[in-house]
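In what follows, a single structure is set out as C-alpha cells and then discussed.
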Amino acid sequence: MTNERIDEIVDKYGGDPSTLIQVLIDIQVENRWLSKESLERVSERLKVPMTRIQHIATFYKAFSLVPKGRHEVNVCMGTACHVRGATRVLDTLEGLTGIKPGETDADLRYSLETVNCLGCCALGPVVEIDGKMHGKLTPAQTAEVLKTYE
Amino acid sequence: MSEITLTIDGKKVTATEDMTLLDAAKSVGIEIPTLCHHKKLEPFGSCRLCTVELDKGSWKQLVVSCVYTVEEGLTVNTRSEKLDRIRKTILELYLAHAPDSQGLSKLAEEYGADKDRFDKAASFCIHCGLCVRYCAEVKQKNAVGFIDRGTRKEISFIPEIASKECWSCKECFPLCPTEALQAAYVLVEALRFPRS
C-alpha cells in the first residue's frame, strides 16, 4: 500500500489521533494486513507513538500483522456447530488447505480462522467465507464449497 | 481548592479534592502496599494491591485507592481480614509469574502468601506498566509498549527507537517490581531478534 493511499485514508478521518482504529480498519480491509511500513506512516501522520499502534494492532483480532490470504475462511466452533460436527468440517479444511487455524497458506489463497459463534446456530455447522455463510455443511460439501474460491 | 475531611483507619485526615485515597493515607503516614504506583506517573490502577474498604454503614465497598479520589466524610479501612485475604491472593498470582522477586517476597511474608499456590508461569511481568508509562510520560520516547492482550500480554521494545535511546537511559529497569533484568532481557531480544 502506498503512502499516498494511507494519507488519503488518514485525511478522510480528519487526521486526529483518536481516529487511529478507523484508519487501521480501513488499511486492514483494503490491504488485508498491516505492514510495518504502513504503520510507520500512520504513526507519523497521526502523531501516535509506534508503541501505541503496536498495542492496538496486536490487541484486536481483526488486525493482522502478517499478510492474509485472498479468502478468509471462518469456521464456527460455537456449541451448536460443535455438536453438529464442526470439528470434522475443520479437519477437512485443515487437510485441504494444509494450514491450521490462524495461518495462511503459501499461495496466499486462504486464511483459516476459528470463531466462537456466528449467530446462526440453526444452520450449524457453519463456515463463513469472505462474509458469505455456508450452512449445514458435511465434510464432503465443505470440500466442494472451498473449491469455488480461487 | 476546597478541603475535604475523611477518616482513614480511625484517623481524621484533611485532604484537597484532587488527592487520591492513597495520597491522603500517605500524608498521615499510613502505608498502603502498591506495585504499580509511581509519584511521577499518572495513576494506573493495575496491580490492585492498594485496594481498600469504604465503610458504607451496612456494607463495605472495595475501591482501588490509587485511582479513587477523596470524598467528604468517607470512612476508609486500609487493613482488614478481607483485604488481607484479597492481597494475599493477588500476591500469590503475581508470585506464579515472578517467584523470586524480592519486593514480592517481602510483601508475601507480610500477608502470608504462598508462592507455590499456583502453577508457575514465569513471565516475570505482572503488567504494572511502570516501564511503559515511564517511557511515555517522563522520557516521552515511547520505546517500550505492551503487545497482545489477556494472558499473552507482554512488553515489547520498538527496535528502531530502543537502539538509539535505551542504552544511555535504562531508567525503566530499576522501576520493575518483579525483576530488573526482565526489561533488560526484552530490550536485548528486541535489538537482537527484532519482530518483523
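Heavy-atom minimum distance, A/Gln54 versus B/Ile147: NE2-CG2, 3.1 Å. Shown here for A/Thr51 and B/Gly145, the closest heavy-atom pair between the two residues is CG2-N, 3.5 Å.
The environment of CZ in A/Arg88 is sparse: at most 12 heavy-atom neighbours from other residues, nucleotides or ligands sit within 6.0 Å. By the 6.0 Å contact criterion, NZ on A/Lys100 is open, its count of non-hydrogen atoms from other residues, nucleotides or ligands being 12 or less. Residue A/Arg45 qualifies as enclosed at atom CZ: its count of foreign heavy atoms under 6.0 Å is above 12. At most 12 heavy atoms of other shown residues, nucleotides or ligands fall within 6.0 angstrom of atom CD in B/Gln102. Around atom NE2 of A/His82, no more than 12 heavy atoms belonging to other residues, nucleotides or ligands sit under 6.0 Å away.
Only the backbone of B/Val144 comes within less than 4.5 Å of a heavy atom of chain A; no side-chain atom from C-beta onward does. Contacts between B/Ala136 and chain A at a heavy-atom distance below 4.5 Å are absent for every atom of the residue.
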Verdict with reasoning, B/Glu160 to A/Met50, per side-chain contact (heavy atoms from CB on, under 4.5 Å): CA-CA 10 Å; B/Glu160 290 81 0; A/Met50 215 36 199; over 6 Å; no
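Within the model, atoms NZ of B/Lys153 and NE2 of A/His55 stand 5.0 Å from one another, a figure rounded to the nearest 0.5 Å.
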